[in-house]
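Ligands are counted one by one from 1 in listed order, and the atoms in each one are counted from 1 as well.
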Amino acid sequence: MKPPTNSRREALKALGLVSLGTTLGGVAFGKPVDQTLHIAPAEPTTPNLTKTIKAIVVGAGNRGNVYGGYALKYPGQLDIVGVAEPIPLRQQRFVDKHKIAEDRRFVTWEHVFDQPKFADAIIITTPDDLHHGPAMAALALGYDLLLEKPIAQSWQECKEIRDLAEEKGRIVAVCHVLRYSPYYQKIKAVIDSGVLGELVSMQHFEPIQHVHMSHSYVRGNWRREADTNPIILAKSCHDLDIMRWWIDRPCEYVSSFGSLKWFREENAPEGSTKRCTDGCAVEATCPYSAKKIYYDNRTWLHHFDLPQEEPARGEAILKNITEGPYGRCVYHCDNDVADHQVVSLQFADQITANFNMEAFTHYHGRRTRVMGSMGDMVGDETDLLITDFQTGKQEKWNVHDNASLDSGHGGGDWGLVRDWLQAVDQQDGTLLTSTLTASMESHQMGFLAEKSRRNRTIESIG
Ligand SMILES: NC(=O)c1ccc[n+]([C@@H]2O[C@H](COP(=O)([O-])OP(=O)(O)OC[C@H]3O[C@@H](n4cnc5c(N)ncnc54)[C@H](O)[C@@H]3O)[C@@H](O)[C@H]2O)c1
């Protein structure tokens, strides 16, 4: 049972919330927040490490460089001493940044584990189908892990990683980075404080944004389930995980609906061609024109390997869209993941939750509504508005006024690294929230949601 609302005033004060007085719907911005309530320090400059943690990055692409960036900013905390990366340009750039010795550079993950252990930990940022292999090999050699989500491609593989981690007693942090972002931590702090009364239900919405959808899940790396995962895991394991974390009860039942409705051959406009650069008749008005997205607007380029200088950069983009996967018409791709999906969840204590993953929005930014017996909370990844049913008073909290967000995912990317380094240094998994065990629960929700979507069943978690 959560605390009753008679301690609400104290709880609000502790939460750093600003009261809007009696004026419903007014706007005010928060003051610095009580750092004791799940809130990450503004800058991860001073964790209590006894030594610099040495790590090897397996997969020096986008995410490998995000975590590698922490080592460049805080070299006293993290030192990247090895890399496995098959694309020569990526490997060379990573080696140059981290000054990695010649005998610690590898083409593929298997080569790392041919060597005796030469670091404290492995950072696994390979594509989804290459998580299980390196995770098992690394654990067998006694490395601790920072493991990108999704953990693996099946529930069975997830269990194998968990069992080996337990047997070897290793620290494994799953990169559920939202748990380390001040905004998401604030929602948890508000729910846990009891200011909403008894938690009753939740709505959570992930608007992927239509161009992001086309880049990652139609043309890009996460477009096919067999190569990666169903989108409910590839994209939305974050959301299922954060809901499970906020609600803090076991999930009992899962049901789901959804499909690939729009990005299909039969929806190709008349006059469209296989590539945007093949003389497509509708390219000029198509929201998914690769020429517009990548060349004219220079957006979504983080999976391209490009020179910095013009005109070489522009020429390389054009080559990519005339020859590579990102220049294909969104209606003529080999994608099969859903572009919209809903998941309904029943948790213990009669708490219900709905999750909605949606490609067709012009905006990003997860939206959340939390309903309690004595109040509710509405959030959009920037502002939170908390309303007290008894008094009608409202309080507002703004993330920019209350936290330093110097990394992606609202500060969560580096917040995760900071806590993981502490856990590795102290060999104490309780310093993490996204442990393997905790993350397994939300992955199971995802695997069962997919089963429900395919079979039109209600799945129970027993
Ligand atoms: N936590 C998050 O919010 C988040 C966000 C995006 C992606 N991800 C996950 O992170 C992982 C990596 O995604 P990304 O966007 O960095 O992709 P990416 O393609 O940019 O990076 C993956 C890298 O792995 C390399 N690689 C391929 N085969 C390899 C092998 N055999 N050995 C070593 N390296 C190999 C690729 O060449 C590539 O450079 C994926 O599992 C993805 O789902 C997580």
V83, T126, L130, I151: member with heavy atom nearest to atom 28 (N) of ligand 1: L130
Atom 12 (C) of ligand 1: the protein heavy-atom neighbour that sits closest, reported with distance to 0.1 Å: T125 O, 3.4 Å
Nearest neighbour in protein (non-hydrogen) for atom 32 (N) of ligand 1: W109 N, 3.1 Å
Ligand 1 contact on H131 by region, counting heavy-atom pairs under 4.0 Å: side chain
Proximal atoms of ligand 1 relative to I87 (non-hydrogen, under 4.0 Å): 37 (O)
Ligand 1 atoms in contact with D128 (distance to a heavy atom under 4.0 Å): 40 (C), 41 (O), 42 (C), 43 (O)
Protein contact of atom 38 (C) of ligand 1 - nearest heavy atom, named by residue and atom, plus distance: R90 NH1, 3.2 Å
Among S434, G412, G61, closest by any non-hydrogen atom to atom 21 (O) of ligand 1: G61
Proximity of D413 to ligand 1 by residue part, where a heavy atom lies under 4.0 Å: neither
Numbered atoms and elements of ligand 1 in range of A84, under 4.0 angstrom, heavy atoms: 33 (C), 34 (N)
Ligand 1 contacted by W222 (non-hydrogen, < 4.0 Å): yes
Contacting atoms of ligand 1, where contact means under 4.0 angstrom from a heavy atom of N221: 19 (O)
W414 and Y180 aromatic centres sub-6.0 Å: no
Residue pair H132 / E160, side-chain donor-acceptor N/O under 3.5 Å: yes
Protein contact of atom 25 (C) of ligand 1 - nearest heavy atom, named by residue and atom, plus distance: E85 OE1, 3.2 Å
Close aromatic pair by centroid cut-off 6.0 Å: H204 and W246: yes
Output field: ring centroids H215/H210 closer than 6.0 Å: no
Option with minimal heavy-atom separation from atom 16 (O) of ligand 1, where the choices are R63, E148, H303: R63
Geometric class of the W300/H364 ring pair [parallel <30°, tilted 30-60°, perpendicular >60°]: tilted
C175 N/O to ligand 1 N/O under 3.5 Å: yes
Any H238 heavy atom less than 4.0 Å to ligand 1: yes
Atom 20 (O) of ligand 1 - nearest protein heavy atom and its distance: N62 N, 2.9 Å
K292 with D296: basic N within carboxylate O range, under 4.0 Å: no
Salt-bridge criterion met for R454 and E450 (N-O under 4.0 Å): yes
Cation-pi geometry met for R298 and Y295 (6.0 Å, 45°): yes
salt_bridge(K149, D128) N-O dist < 4.0 Å: no
Ligand 1 contacted by P127 (non-hydrogen, < 4.0 Å): yes
Protein contact of atom 34 (N) of ligand 1 - nearest heavy atom, named by residue and atom, plus distance: P86 CD, 3.3 Å
Whether Y326 and H303 hold their rings parallel, tilted or perpendicular, with breakpoints at 30° and 60°: parallel
Nearest-neighbour protein heavy atom for atom 9 (C) of ligand 1, which is reported as residue plus atom name and distance: K149 O, 3.5 Å
Mutual orientation of the aromatic rings belonging to W222 and Y217 [parallel < 30°, tilted 30-60°, perpendicular > 60°]: tilted
T108 contact mode with ligand 1 (heavy-atom cut-off under 4.0 Å): both
Aromatic F118 / basic K54 pairing, under 6.0 angstrom, 45° off normal: no
Parallel, tilted or perpendicular: rings of F360 and F263 (30°, 60°): parallel
